[in-house]
Amino acid sequence: MRSVTYSMNVSLDGYIVGPDGGFDWGAPDEEVFRFWIDEIRGVGVHLLGRRLYETMLYWETADQDPSLDDAGREWTALWNPLPKVVFSRTLSEVQGHARLASGGLAEEIERLRAEPGEGDIAIGGATLAAQAAELGLIDEYQVMVYPVLVGGGIPFFARNERQVDLELVETRTFGPRVVHLRYRVAR
């Protein structure tokens with residue numbers, strides 16, 4: 001069965017964006033970007049909330065940018081054909097290889113898990129991930145921790161979530177600044 005993985009960049013104090021909505025502190029260097037390129041190869045479908053979907057729209061046409069480097073072209077070549085399901089109450093249409101969710105989150109994940117296909121189900125966006133966590137649908141958390149305290153904003157983990165026991169699966173340090181933590185939900 002396909003696993004559901006929630007992964008995002010996070011400040012050391014636990015936020016994916018700061019109080020001003022900014023997340024430029026999480027811009028990946030070459031080594032971190034290469035890691036994300038390798039990770040996306042194992043994804044079969046990506047579930048996104050509206051805000052993350054709109055942020056990632058850049059990649060739909062990034063290959064037309066003459067200043068895009070080889071790593072950016074490689075990411076674009078992997079990201080664009082990847083099936084995406086967007087959860088939004090305000091969007092009436094989406095672009096690229098995306099579709100609007102036709103059902104609730106639990107129903108979509110159940111259907112995707114039952115479908116034949118390779119690759120895990122990635123989930124991005126704190127609000128959407130909080131809903132999945134509340135329903136007990138997340139199998140793995142991947143946190144790319146950046147050495148910055150932003151003091152507030154949108155938290156990686158929902159503050160009202162129940163206790164969830166986790167097993168550390170992997171750690172990795174990128175240069176002197178960034179730490180990747182991968183945890184599996186203990187069931």
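Worth saying up front: this structure is predicted, and the values here are computed from it rather than measured. The first residue of the sequence shown is numbered 1, and numbering continues consecutively from there.
- Within a 6.0 Å radius of CG in Asp70, no more than 12 heavy atoms belonging to other residues, nucleotides or ligands are found.
- Of all heavy-atom pairs between His46 and Ile123, the closest is CE1-C, 4.1 Å.
- The distance from the CD atom of Gln64 to the OG1 atom of Thr76 is 10.0 Å, given to the nearest 0.5 Å.
- Side-chain atoms of Glu60 do not come within 3.5 Å of backbone N or O of Leu57 as any donor-acceptor pair.
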### Query
Given Glu140 and Ser7, is the side-chain hydrogen bond (donor to acceptor under 3.5 Å, both in side chains) satisfied, shown in steps?
CA-CA 8 Å; Glu140 191 171 287; Ser7 58; over 6 Å; no
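- Nearest approach of Glu31 to Thr173, heavy atoms of both residues: OE2-O, 4.4 Å.
- The structure places CG of Leu105 at 10.5 Å from CD of Glu134, a figure rounded to the nearest 0.5 Å.
- You'll find the ring centres of Tyr141 and Phe157 inside the 6.0 Å limit.
- Asp20 places a side-chain N or O within donor-acceptor distance of the main-chain N or O of Gly22, the cut-off being under 3.5 Å.
- Here the straight-line distance linking atom CG of Leu47 with atom CD1 of Ile109 works out to 5.5 Å at 0.5 Å rounding.
- You'll find the side chain of Val148 stays beyond 4.5 Å of the side chain of Leu12, heavy atoms only.
- With hydrogens and angles ignored, the 3.5 Å screen pairs a side-chain donor or acceptor of Arg73 with a backbone N or O of Leu68.
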### Query
What do the steps show when you test His180 against Gln142 for side-chain hydrogen bond (donor to acceptor under 3.5 Å, both in side chains), and what is the final call?
CA-CA 7 Å; His180 177 257; Gln142 291 190 32; 3.1 Å; yes
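- Across Pro155 and Ala126, no two heavy atoms sit closer than the pair O-CB, 3.4 Å.
- Ring pair Tyr146/Trp25 is perpendicular by interplanar angle, where above 60° counts as perpendicular and below 30° as parallel.
- Asp139 pairs in a side-chain hydrogen bond (donor to acceptor under 3.5 Å, both in side chains) with only one of the listed residues (Arg184, Arg2, Arg187), which is Arg187.
- Note on Val179 and Val169: separate hydrophobic clusters, where clusters join Ile, Leu, Val, Met, Phe, Trp and Tyr whose side-chain heavy atoms are under 4.5 Å apart, directly or indirectly.
- Two residues are said to be in side-chain contact when any heavy atoms from C-beta on lie closer than 4.5 Å; Val145 and Val178 fail this criterion.
- In this structure, the side chain of Lys84 engages the main chain of Trp79 through a donor-acceptor pair within 3.5 Å.
- The closest donor-acceptor contact from the side chain of Asp13 to the backbone of Gly151 lies under 3.5 Å.
- Counting only heavy atoms from C-beta outward, the side chains of Thr5 and Ile121 never approach each other to under 4.5 Å.
- In terms of heavy-atom proximity, Ala129 sits nearest to Ile138 at O-CD1, 3.5 Å.
- Between Trp36 and Asp38, every side-chain heavy-atom pair lies at or beyond the 4.5 Å cut-off.
- Atom CZ of Arg51 sits in a sparse spot, with 12 or fewer heavy atoms from other residues, nucleotides or ligands closer than 6.0 Å.
- Open room surrounds CD on Glu118; 12 or fewer heavy atoms of other groups in view lie less than 6.0 Å from it.
- Contact check for Val94 versus Tyr53: side-chain heavy atoms found under the 4.5 Å cut-off.
- In this structure the side chain of Val150 reaches within 4.5 angstrom of the side chain of Ser11, judged on heavy atoms.
- Between Phe87 and Gln131, the closest side-chain pair of non-hydrogen atoms is not below 4.5 Å.
- Counting all heavy atoms, side chain and backbone alike, Pro83 lies closest to Gly44 at CD-O, 3.4 Å.
- Glu110 CD: 12 or fewer foreign heavy atoms inside a 6.0 Å radius.
- Ring orientation note: the planes of Phe33 and Trp59 are close to parallel, at an angle under 30° on the 30°/60° scale.
- Residues Leu52 and Glu54 have side chains not in contact (no heavy-atom distance under 4.5 Å, counting atoms from C-beta outward).
- Outside the 6.0 Å centre-distance limit, the rings of Tyr15 and Phe156 are not counted as a close aromatic pair.
- Scanning all heavy atoms of the two residues, the minimum distance from Leu48 to Leu128 falls at C-CD2, 3.5 Å.
- Between Arg34 and Glu30 there is no salt bridge, since no side-chain N of the basic residue sits under 4.0 Å from a carboxylate O of the acidic one.
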